[in-house]
Amino acid sequence: MDTLKPDPKVYVLKRSSADTPIRPLSRDYAQELNPQQLAAVEVVNGPSLVIAGAGSGKTRVLVYRVARLIDMGVDPSSILLLTFTRKAAQEMLGRVGMLIGPQSDRVMGGTFHSVANILLRRFGRTIGLEPGFTILDRGDSEDLVGLVRGQIGLVETNKRFPRKRTIVDMFSKCSNTLQPLDNVLLNEYSHFGDFLDNLTKLQEGYNSTKRQRQLVDYDDLLLRLRELLIADESARRMISETYRYILVDEYQDTNRLQAEVVRNLAATHDNVMVVGDDSQSIYAFRGATFRNIMEFPTLFPGTQIFKLEENYRSTQSVLGLANAVIEGATEKYSKTLFTNKEGGERPALVQAMGENPQSRFVAQKILELREEGVPLSDMAVLFRSSFHAFDLEVELTKRDVPFIKRGGFKFIETAHVKDLLAHLRVIHNPLDSVSWNRLLLLIEGVGPKKAKDLVAQLVATDTPSAVLREGSGRSAFGLRNLAAALDAVGHADDGSPPDQINQVLEYYFPILKDQYDDYPKRIRDLEHLQGMAERYHSLEEFLADLTLEPPDESVLDVDAPDRDDERLVLSTIHSAKGLEWRSVFVIWLVDGRFPSSYSFTSDEELEEERRLLYVAVTRAKQHLYLTFPVNVYDKATGSILSKPSRFLDDVSTDLVDAWSVVDEGEPYHWG
DNA sequence: ATAGTGGTAGTTTTT
DNA sequence: CTACCACTAT
């Protein structure tokens, strides 16, 4: 493409193939969609916004629109589908495939982060990013903050410096809302205001280390993609011309940074369709705001707006409760869901005399429903926070109910997995100081000081193993061992990922046994990881995928061999987004747990909790059980929790059936 | 300089 | 309960 003179007059040649089908469409879209859905599906060019209530066929619109575009002759590889998880993208593309055949395989789909990863590896050089960069997960970012904090030797003060976790949160908020640190500190962390200077220094150090060492954290993926699109005009054109049709799912959960990325991706054509529901915005902690969805037409003038209000998922009884919950929201946009599925069982509001009775109720009821013919895989238990399910997990295990837990603590975040990955990472990116540091600390006789000195040498040499062999003193033996192990693995491109893992494991197992009493289980985990690596041909892909799309099973289930389709789902509400089940249990509907007591401080956070409940109840197709235990001692606040969630206050009693759980032989009493 | 011990504060949701 | 810090003994 030649370089153009400044500001040429642009005359756009329309793609005739896209506007007028060259051949008859392969199916009758009007037949399979309601008029609102059809109108959205028929959009070809220009920006459009689809406000879609829960269960109103939002996915259907995306799927049919992609199918129809391809049907009209649009090249599938020019379509980009941005979703919340890659799984969601794959599911949608599978459905597109069922409509129009295998061409759908060529559609590009995934999360913002995974798409950014791919684009940056291809085009990042112009902004100083080598294709082999390493992605830091949350824990890595915290480690790096810790390292930098040590390096710049922050002066001791009598007041408490924020924790690493909190610091990473602050930095992340800055990135996601595109604000400077002082703003974020002032608005959300005013109690740490005194530390502004030190935190600013820390942030500078954190950012410059990442640049020097080819490290990229989650937010950087988006930040640097934005940077690339703005700074490198030819890359922007090339990318924008490649993806001429962009579709974004769950737009209410995008933040300002993501909005800007979309804006720039669509720089040359404005062909963007975003789909979302302001009532389901639940990612404010990540800088998302439902206002984003309202501002879309400003970002893209000429936006066509569509509304989908008919719910095809739930019965009227379930929907009635959902509408009542969201009715209490202070800020809401005009949208009332209706359905033609009359009646249905009323949702049950179940009181239990404590946590364990609640678990026993859920377990027993699930078994009953299964007897009645609901498959386990069509039932789910949802909760606000991952730990709310601990007791239930025990109860289900006792009764041999197979389940899969989604959300919460990840397999990938356990120490032994991170240790193994650190070794693989330095093989792939020898500049990765965070991983070097981690694996050096595992060696006898190496502490923070020695690790720091060694890392400085290691990132400055072409022959890391020579540096390791030079070591003397107490750690010499361990360092030599490490050098031998790394040499055995060789270069990143030598051999297959499972073989490379095998080499590392031979070296690492003794360390593991020494460090953990429960090493047999951990060894199984690592072997599981090795199995996962078989699907990959390069370390780079394996490592990137693990951080961007970690397997969504938590530690416990890794060795549960049950078939997926016969397992009950336990999930945080966040991880249940976009999914649906015939029977849904929402547990711990107690004030202090849901809404969480951490949200009591601000109205905005409380409102988000309310939307969270709305998301939870709208997952149910047929049966809905809301349970709340009473008389539970809460360590966090030191109080007894007994009051049902405040969000149920406004729910009129004729919308639910009140149940009380009692033990066999125990007297009944309510309250 | 490191490893091991004991005390204490914070404790959600995800890519 | 656990991760993080400060302190002490090697």
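Per chain, numbering begins at 1; letters A, B, ... match sequence-line order.
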Bracket string, DNA chain B, 5' to 3' - pairs by Watson-Crick or G-U geometry under 3.5 Å, | interstrand: ||||||||||.....
Atom-to-atom span, NE2 of A/His191 to P of B/dG10 - whole angstrom: 9 Å
Cation-pi check, A/Arg646 onto A/Phe600 ring (under 6.0 Å, within 45° of axis): yes
Distance in angstrom units between A/Asp169 CG and B/dT15 P, rounded: 15 Å
Rounded distance in Å - CH2 (A/Trp588) to C1' (B/dT12): 15 Å
Distance test, side-chain N/O of A/Thr547 to OP1/OP2 of B/dT15, below 4.0 Å: no
Polar side-chain atom of A/Arg619 near backbone of A/Leu579 as donor-acceptor pair, under 3.5 Å: yes
Closest-nucleotide ordering on DNA chain B, the 5'-leading residue of A/Ala451 and A/Phe387: A/Ala451
Distance, rounded to the nearest Å, where A/Asp143 contributes CG and C/dC4 contributes P: 9 Å
Nucleotide nearest A/Arg474 when distance is taken to its side chain, options B/dT11, B/dA3, B/dT13: B/dA3
Touch class at under 4.0 angstrom, heavy-atom based, for A/Phe112 against every strand present: nothing
A/Glu250 and A/Gln252: side chain donor to acceptor below 3.5 Å: yes
Nearest-nucleotide pick for A/Arg138, side chain only, options being B/dT12, B/dT15, B/dT2: B/dT15
Side chain of A/Lys449 - closest among B/dA1, B/dT13, B/dT12: B/dA1
First of A/Glu444 and A/Ser599 reached from the 5' end of DNA chain B, by closest nucleotide: A/Glu444
Phosphate contact (B/dT14 OP1 or OP2) by A/Thr572 side-chain N/O below 4.0 Å: yes
Candidate nucleotides B/dT2, B/dT11, C/dC4, ranked by approach to the side chain of A/Tyr598 - the nearest: B/dT11
Sugar-phosphate, base or nothing in reach of A/Ser575, heavy atoms under 4.0 Å: sugar-phosphate
Check: A/Arg384 side chain, B/dT13 base, donor-acceptor under 3.5 Å: yes
Contact under 4.0 Å: A/Arg593 side-chain N or O vs B/dT11 OP1/OP2: no
Value in whole Å for how far the C1' atom of B/dT12 lies from CG of A/Leu382: 16 Å
Span that lies between the P atom of B/dT13 and that of C/dC4, in whole angstrom: 16 Å
Between A/Glu540 and A/Ser538, a side-chain donor and acceptor under 3.5 Å: no
Aromatic ring proximity, centroids under 6.0 angstrom, A/Phe285 and A/His574: yes
A/Ser596 side-chain proximity, nearest of B/dT15, B/dT12, B/dT13: B/dT12
Ionic contact status for A/Lys418 with A/Glu413, cut-off 4.0 Å: no
Distance, rounded to the nearest Å, where A/Lys164 contributes NZ and C/dT2 contributes P: 18 Å
Nucleotide of B/dT15, B/dT14, B/dT12 approaching A/His113 most closely (side-chain heavy atoms): B/dT15
Rounded interatomic separation in angstrom, taking CG from A/Asp137 and P from B/dT15: 12 Å
Interatomic distance, A/His388 NE2 vs C/dC1 C1' [rounded to whole Å]: 15 Å
Closest listed nucleotide, where the reference is the side chain of A/Phe285 and the choices are B/dT2, B/dT12, B/dT14: B/dT14
Face-on cation placement of A/Arg121 at A/Phe133 ring, 6.0 Å and 45° thresholds: yes
A/His416 and A/Tyr508 aromatic centres sub-6.0 Å: no
Test of ring centre spacing under 6.0 Å for A/Tyr283 and A/Phe290: no
